[in-house]
Amino acid sequence: MKVGELMQKSIQNLRKTNKEKVLKVLYELGQCQKSQIVELTSLSSGTCHNILQELIESKEVVMNSKFASTGGRKAKCYELNPDYCQLLTISFFREYDDIYDIMKVYDYQNHLLEEKKSQPKKLNFQELLNNIHSMFEKYQNIQVIMIAIPAILNEQGYLDESFLVRGLEDLKNCQIQQEIQAQFHVPVIIDNDVNIATKGYYSKHQEYKDLAMIYQPLKELSGVGILQGGHIHSGHHGMAGELSFLPGLSKQQQFEYLKTKEGTLQLLTIFILTLLVTVDPETIVISCPWIEERQKIEENLQKTMLSKEVLPHIVVVEDILKYMNLGLLELGHEFLRGGRNNGKIY
């Protein structure tokens, strides 16, 4: 490649990066003035002005005069155009003996337009395609689909049978991402549900750059998401955080622990200590129906040989679906801003 072509490519990449910075600020703040964008992106006023004009011309951003100014003229306010596009999220979620397929459509400002929740005994791939098709018939500007699934996809795009939870058996022979993309001609982002929930939690708590999330249902094995330096770490084969495969702790033993509240507490303590001596997160977030507060967990941890100084900050959350949904929307907007193109979390 010639020097001139390299310089041109470098300029294009810089413009793309700057545009993503502006869109990210608008996404996180909702509405803001140009001065706020300049401050938060560290871009010049002229650069921000040019990017905003470009985004207004493409109808990705709209402008109004909501902020009053002391100078007599009202300050211009910018925000994402809610009508620019739509995003479709799909969450597969198991709770006790039930599995849910939760489908939601959002506008570009993350206003919920429609929610459809089904509760089949087993998820059927053709039925899933039919449900997506019905959403596309009603909302004709869906530009990206994000899917959270309690499983791991192998390199060929199939569900890894080693991690298959009950209710997903019909999906194991499907290349979910590829087949949905081929039928609906939009990008599909799919990843492990707890990884996505971890990303969603971080989106609201960015003070924790290194954290882990443990999701422990009562009738299934655990799922763990690991975030380091603000980025999800899933490992080469997606195995990072799969604590249910710990040596010396069989699946049968884990199900025995889960029969009682005290046993579940002991199992979570084992998982926390494992995370502590492997990735040493600053914070560990726990979601488990039997755990309502962190006090009992902290008491168990203090009984170990480790000093208080090295124990992680424990957070207990009730609604993992809330963070899963936040993570799905984060992924969708990252893709639309141009930050991703391979359909996987980072």
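What you are looking at is a predicted structure, and each value in this text was computed from that prediction instead of being measured.
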How far does CD1 of I51 sit from OG1 of T41, to the nearest 0.5 angstrom? 7.5 Å
E54 and N50: side-chain donor and acceptor closer than 3.5 Å? no
Below 4.0 angstrom, N of the basic side chain to O of the carboxylate: do K138 and E114 qualify? yes
Is the backbone of G229 close enough, under 3.5 Å, to the side chain of D210 for a donor and an acceptor to pair up by distance? yes
For a salt bridge (charged side-chain N to carboxylate O under 4.0 Å, His left out) check, start with the C-alpha distance between K296 and E262, then their side-chain angles and the critical distance, and finish with the verdict. CA-CA 10 Å; K296 289 287 187 182; E262 185 59 36; over 6 Å; no
Ion pair R294/E299, N-O distance below 4.0 Å: no
Quick check for you: to the nearest 0.5 Å, what is the distance between L153 atom CG and D160 atom CG? 9.0 Å
State whether the side chain of Q254 and the backbone N or O of S244 hold a donor-acceptor pair below 3.5 Å, judged by distance alone. yes
If you define the side chain from C-beta out and look only at heavy atoms, does anything of F136 sit under 4.5 Å from N131? no
Between CG on residue D83 and CD on residue Q109, distance to nearest 0.5 Å: 8.5 Å
In terms of heavy-atom contacts, does NE2 of H205 have more than 12 from other residues, nucleotides or ligands at under 6.0 Å? yes
Side chain to side chain contact (heavy atoms under 4.5 Å, CB included) between I176 and L171, worked out: CA-CA 8 Å; I176 301 172; L171 305 184; 4.2 Å; yes
Is it true that L246 and L268 fall in one hydrophobic cluster, defined by side-chain heavy atoms closer than 4.5 Å? yes
Would you find a donor on one side and an acceptor on the other, under 3.5 Å apart, between the side chain of N192 and the backbone of A151? yes
Main-chain N/O of F125 paired with D170 side-chain donor or acceptor, under 3.5 Å: yes
When you look at N154 and L159, which way does the side chain to side chain contact (heavy atoms under 4.5 Å, CB included) test go after all the steps? CA-CA 6 Å; N154 61 30; L159 299 186; over 6 Å; no
Does some side-chain heavy atom of E79 sit less than 4.5 Å from a side-chain heavy atom of N64? yes
Within one Ile-Leu-Val-Met-Phe-Trp-Tyr cluster: V38 and L55, side-chain cutoff 4.5 Å: no
Does the side chain to side chain contact (heavy atoms under 4.5 Å, CB included) test come out yes or no for I226 and T198, once each step is laid out? CA-CA 7 Å; I226 298 171; T198 305; over 6 Å; no
In Å, rounded to the nearest 0.5 Å, how long is the span from CG of L128 to CD of E179? 10.5 Å
Within 45° cone and under 6.0 Å: K172 NZ/CZ vs Y158 ring: no
Is there a side-chain contact between I37 and C32 (heavy atoms, below 4.5 Å)? yes
Going by heavy atoms in the side chains, are V224 and E242 under 4.5 Å from each other? no
Side-chain heavy-atom pair N195, L227 within 4.5 angstrom cut-off: no
Name the atoms and distances for all side-chain donor-acceptor pairs under 3.5 Å in residues 276-285, with sequence neighbours left out.
residue, atom, partner, partner atom, Å
T278, OG1, T274, O, 2.6
T278, OG1, L275, O, 3.2

For a side chain to side chain contact (heavy atoms under 4.5 Å, CB included) check, start with the C-alpha distance between L331 and I196, then their side-chain angles and the critical distance, and finish with the verdict. CA-CA 8 Å; L331 287 174; I196 290 174; 3.9 Å; yes
Count the heavy atoms belonging to other residues, nucleotides or ligands that lie under 6.0 Å from CD of E169, then report whether that count exceeds 12. yes
What I'd like to find out is whether the side chain of L265 reaches to under 4.5 Å of the side chain of I291, using heavy atoms alone. yes
At what distance, to the nearest 0.5 angstrom, does CG of L113 lie from NZ of K104? 12.0 Å
Q119 CD: over 12 foreign heavy atoms closer than 6.0 Å: yes
Value for CG (L267) from OG1 (T264), rounded to nearest 0.5 Å, stands at 7.0 Å
Which residue pairs pass the ring pair (Phe, Tyr, Trp, His ring centres under 6.0 Å) test with at least one member in residues 22-61, sequence neighbours excluded? Y27-H333
E57 and Q53: side chain donor to acceptor below 3.5 Å: no
Side chains of Y202 and E330: any donor to acceptor distance under 3.5 Å? no
Under 3.5 Å, side chain of S91 to main-chain N/O of F93, donor-acceptor pair present? no
Salt bridge (charged side-chain N to carboxylate O under 4.0 Å, His left out) assessment of E28 paired with K24: CA-CA 6 Å; E28 292 177 346; K24 189 172 189 292; 2.5 Å; yes
Going by ring pair (Phe, Tyr, Trp, His ring centres under 6.0 Å), name the pairs with one or both residues in residues 243-294, residues two or more places apart or in two chains. F163-F245
For atom CD of Q156, decide whether the heavy atoms of other residues, nucleotides or ligands shown that lie under 6.0 angstrom number more than 12. yes
Whether the side chain of Q216 engages the backbone of L221 through a donor-acceptor N/O pair (distance < 3.5 Å, no angle test) should be reported. no
Tell me if a side-chain donor or acceptor on Q86 pairs with a main-chain N or O of D107 at a distance below 3.5 Å. no
Treating N141 as the side-chain partner and Y84 as the backbone partner, does any N or O pair qualify as donor plus acceptor under 3.5 Å? yes
